[in-house]
Structure formats: structure tokens, C-alpha cells
Amino acid sequence: MAEVALPKRILMTTDLSARCDRALARAALLAGSWDAALTVAHVVHAAEVAQRDRLTSNAPSWRRPESWAQTLERTLRSDLAAERIAASSRLVIGSPAETVQRVVIEEDAQLIVLGIAKDARMDRIQLGSTVDSLVRHSRVPVLNVRGRAHAPYRHVVVATDFSEPSVHALSLAASWFKGASLTVFHAYLPPGSALTTGPIANDSWRAAAAQQCESFVIEALPARAQIGLQRVLGRGSPETLLADYVTSADVDLVVLGSQGRSGLARALLGSTAENLLHALDCDTLVVRGG
């Protein structure tokens, strides 16, 4: 598979809260390293703007404040200036998931960068509904940021079920993050029966997984890009094994194809707040099939 071109335009969305600071820093770092243009957008519901404006509508004209939309625009510009981030800013009114997709088209962006709340459960569920909708429907990769952006990604894991979208995800990861250590991770869970347990059966399942993995890597990457590529295969629940590997191997980014047929892809795109998208203690890049 040919290399995947680096993004030339990145869209980062913010709610102007502290939880998005890490996402903003990562977006700026990626834009700088890729020589890409960065647009930072704040999406706000029309009802919120109208409500805020109603609260001040009866003030005397000489001390009537600016509109809420103008206040948000000024705050966004000030935040970027304070952080010395070279980016254009936009205030967009509408529902978050649908509006972000519209702005992606208008900006011709090739990557969306988001922040995920990790503290309050209700915040996580509310924001999660927007994130889940975006990763299901976005035509461009969606990067969910959790970690601090002190440096470029060091250890990138492509979690795979060997599906076609996973092939594209590995090709993209190898093209976008060339300075990082790259690992292919596959967890297999044979159907439970007496015939699938014991040393002989375990060896057979592992050999089959290893053969699939090699075919997968050959399909996704040219020979030169396979140098130094690590393969990690494990028997067990994909969700459990990946979460443990992320912690133990100091992984700072997991990449996953968004339309895989089983395993990790299905777990990642589940509707509950406990799925991997919200549970992994690292950044997550969700990629649609090429």
C-alpha cells in the first residue's frame, strides 16, 4: 500500500475549558511538525447564545455588553495568542457532531483533534456522545487526546483485527509517525470448548494468528517500512489485553480502523462510556477504511 499523505489542514475543536488544553497543544505540535495549517473551532448551541444574550438584553445601552458570540470569539483568539499558537479561529453555531463535520468540509481538513474529559462521569458521557458520533461518521481521522503533548509520539500501537480498515490504519500510522516506535497489536479469543484449550491448541491458535499478522503487515507496508516493526500477539479479551499493554509498554497513541469486522473495532465503537475510546489511558486515533 502506498504511503498516506500528511494532513495539510487540521481542525481542532474546543469547548474553551481546561480539559481541551492538551488537545490544543497536541494539535499545534502536529501542525508544526507536518507544516500543516491549524484551525481551532468552538461549536456552541444557538440556544445557549440566545439565552446568554437575553440575560443582558435589558441593560442600558451605554453599558450593554457585547453579544455572547462576540465574547466567545474574543476568548478563543485570546487563548491562542496567550499560548503563542499560530492558528485561525472560528466560532460556529450548531449541534457539535453535525457542525464539526460541516466545518471539516469547509476547511478541507484531513484530521480532527478532540479532547476527552476524564473526571466527571456525566461530562464524559455527554462529551462521549459527540465523540462517538464523530468516529462513526467522520470521513477523516479523529484524534482523541488524553496525554500531555511534551514531544512527538514515541510509541504508536496499531490495534488490528486484520480487516481492510486496519490495513489502512497501519499504513497511515507508518506514514504519519515515522519517528515513533511502531507496534502491531492483535488479541485473539478462540471460541470456548475443550478443543480450543491446552498447549497444542494454544500453539495452533498462536501460529495461525502469527501467519495472519505477517500477511497483514505485508499487505499494509512496503518492506522498508517493516524494519523495526514490533508484533504483539496475545490470547484473551482484546479490551483487557490492550488496556494492559498500553500501560505496561508506555504507549502514547493507539490507532484503529473504524469499520473492522470484529474484536477491537467493535469494542471501540460501542455505545457505552466504558468502551476503549474512553477507557484507554493514551491518545486514540480512529481511522476510517481507505
Side-chain angles (χ1 to χ4, degrees), residues 1-14 20 22-41 96-116 127-128 130-147 149 152-153 155-161 163-180 182-185 220-221 225 251-260 264-265 267-269 275-278 280 282-290:
M1 180 174 286
E3 284 196 1
V4 180
L6 293 174
K8 301 310 295 180
R9 299 194 66 86
I10 298 172
L11 174 66
M12 187 266 163
T13 63
T14 177
C20 288
R22 295 183 179 186
L24 178 58
R26 177 59 68 183
L29 184 62
L30 291 174
S33 63
W34 292 339
D35 193 25
L38 174 62
T39 298
V40 180
E98 293 81 2
T99 303
V100 169
Q101 293 184 68
R102 173 170 60 82
V103 175
V104 165
I105 295 173
E106 293 173 354
E107 296 287 334
D108 191 25
Q110 293 89 47
L111 174 66
I112 302 171
V113 181
L114 305 170
I116 293 181
L127 184 58
T130 299
V131 174
D132 292 340
S133 178
L134 281 173
V135 298
R136 286 193 183 102
H137 301 109
S138 174
R139 295 188 176 276
V140 303
V142 179
L143 175 63
N144 305 291
V145 177
R146 287 187 181 275
Y153 290 120
H155 188 182
V156 176
V157 168
V158 178
T160 178
D161 59 0
S163 63
E164 184 60 32
S166 292
V167 171
H168 181 62
L170 177 55
S171 178
L172 181 145
S175 300
W176 286 14
F177 309 109
K178 291 183 177 180
L182 188 60
T183 298
V184 171
F185 181 96
L221 301 177
V251 175
D252 46 15
L253 177 66
V254 168
V255 182
L256 182 77
S258 67
Q259 294 178 344
L264 282 165
L268 179 64
L269 298 180
N275 60 37
L276 286 177
L277 181 61
H278 305 277
L280 290 177
C282 68
D283 294 2
T284 306
L285 179 64
V286 183
V287 182
R288 284 178 64 98

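Numbers here simply count residues along the sequence, with the first being 1.
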salt_bridge(E98, R102) N-O dist < 4.0 Å: no
Contact between [X] and [Y] at the side-chain level, heavy atoms closer than 4.5 Å - yes or no?
X	Y	value
M12	C20	yes
V158	T183	no
W34	L111	yes

Begin from the C-alpha positions of H168 and V4 and carry the test side chain to side chain contact (heavy atoms under 4.5 Å, CB included) through to its verdict. CA-CA 9 Å; H168 181 62; V4 180; 4.0 Å; yes
Taking all non-hydrogen atoms of both residues into account, name the closest pair between [X] and [Y] and its distance.
X	Y	answer
A25	A149	C-CB, 3.8 Å
A23	V113	O-CG1, 3.6 Å
A180	H155	CB-N, 4.4 Å
C282	V251	CB-O, 3.5 Å
A173	V255	CB-CG2, 4.2 Å
T13	V100	CG2-CG2, 3.7 Å

Hey, what do you get for [atom1] ([X]) to [atom2] ([Y]), rounding to the nearest 0.5 Å?
X	Y	atom1	atom2	answer
D161	L256	CG	CG	7.5 Å
E106	T39	CD	OG1	10.5 Å
Q101	R139	CD	CZ	9.0 Å
L285	I112	CG	CD1	11.0 Å
L253	L182	CG	CG	10.0 Å
W176	L6	CH2	CG	8.0 Å

If we ignore angles and hydrogens, is there a donor and acceptor under 3.5 Å between the side chains of T284 and N144?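 Not at all, the side chains of T284 and N144 share no donor-acceptor pair under 3.5 Å.
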Is the backbone of [Y] close enough, under 3.5 Å, to the side chain of [X] for a donor and an acceptor to pair up by distance?
X	Y	result
E107	I105	no
S171	V167	no
R22	R146	yes

Can V40 and T14 be said to form a side chain to side chain contact (heavy atoms under 4.5 Å, CB included), step by step? CA-CA 7 Å; V40 180; T14 177; 3.7 Å; yes
Could you walk me through whether D283 and V254 pass side chain to side chain contact (heavy atoms under 4.5 Å, CB included), step by step? CA-CA 6 Å; D283 294 2; V254 168; over 6 Å; no
Non-neighbouring partners of K178 that pass side chain to side chain donor-acceptor pair (under 3.5 Å), sequence neighbours left out: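 Per chain and number, K178 pairs via side chain to side chain donor-acceptor pair (under 3.5 Å) with E3.
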Give the intermediate values and the outcome of side chain to side chain contact (heavy atoms under 4.5 Å, CB included) for residues I10 and L30. CA-CA 9 Å; I10 298 172; L30 291 174; 4.2 Å; yes
With sequence neighbours excluded, what pairs up with A37 under the side chain to side chain contact (heavy atoms under 4.5 Å, CB included) test?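 Residues passing side chain to side chain contact (heavy atoms under 4.5 Å, CB included) with A37: R9.
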Could you check whether the rings of F177 and Y153 sit parallel, tilted or perpendicular, using 30° and 60° as the cut-offs?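 Perpendicular.
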